[in-house]
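Read the structure below first, then the notes.
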Amino acid sequence: MIDFFERVEWCISTWHAISAPNEQAKRRAAEVVDLIHRVESLRGSLRFEDEPASFEAALIRAKGMAR
């Protein structure tokens, strides 16, 4: 996570020529890191990743399950 913060601070200083974000911004960045890890943990467990996503096919399947 330290590497992430260092990259964010570098990008801010390079692109916007301002100092590192305040404490609240650093807390929000930590929340983003947590969110990224939670989303990555779902990789491979979602049904549409296993086969091509088709909205129509999903509707037909859901209709069959509702019976």
Side-chain angles (χ1 to χ4, degrees):
M1 189 159 64
I2 298 298
D3 184 48
F4 174 78
F5 289 127
E6 289 173 356
R7 285 186 286 168
V8 168
E9 289 178 3
W10 178 84
C11 288
I12 291 169
S13 66
T14 301
W15 290 97
H16 304 290
I18 57 175
S19 62
N22 61 25
E23 289 305 312
Q24 183 178 5
K26 288 181 181 181
R27 285 192 303 273
R28 295 291 185 206
E31 291 174 5
V32 169
V33 171
D34 181 55
L35 177 62
I36 290 169
H37 290 303
R38 287 186 296 162
V39 169
E40 285 178 344
S41 73
L42 295 173
R43 184 175 289 148
S45 66
L46 301 175
R47 184 77 177 138
F48 282 123
E49 289 181 357
D50 297 337
E51 52 192 54
S54 167
F55 183 70
E56 185 176 349
L59 287 175
I60 292 169
R61 182 177 171 100
K63 185 177 179 182
M65 295 173 130
R67 290 182 188 174

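Evaluation of the side chain to side chain contact (heavy atoms under 4.5 Å, CB included) rule for Glu40 yields Ile36, His37, Arg43 as partners, not counting sequence neighbours. Arg28 is linked by a salt bridge (Lys or Arg N to Asp or Glu O under 4.0 Å) to Glu31, counting only residues two or more places apart in sequence or in another chain. Residues that satisfy the side chain to side chain donor-acceptor pair (under 3.5 Å) test with Ser41, not counting sequence neighbours, are absent from this structure.
Cluster partners of Leu35, by chain and number: Val39. The rule joins Ile, Leu, Val, Met, Phe, Trp and Tyr whenever side-chain heavy atoms lie under 4.5 Å apart.
Val33 and Ile12 fall within a single hydrophobic cluster, where Ile, Leu, Val, Met, Phe, Trp and Tyr side chains are chained together by heavy-atom contacts under 4.5 Å.
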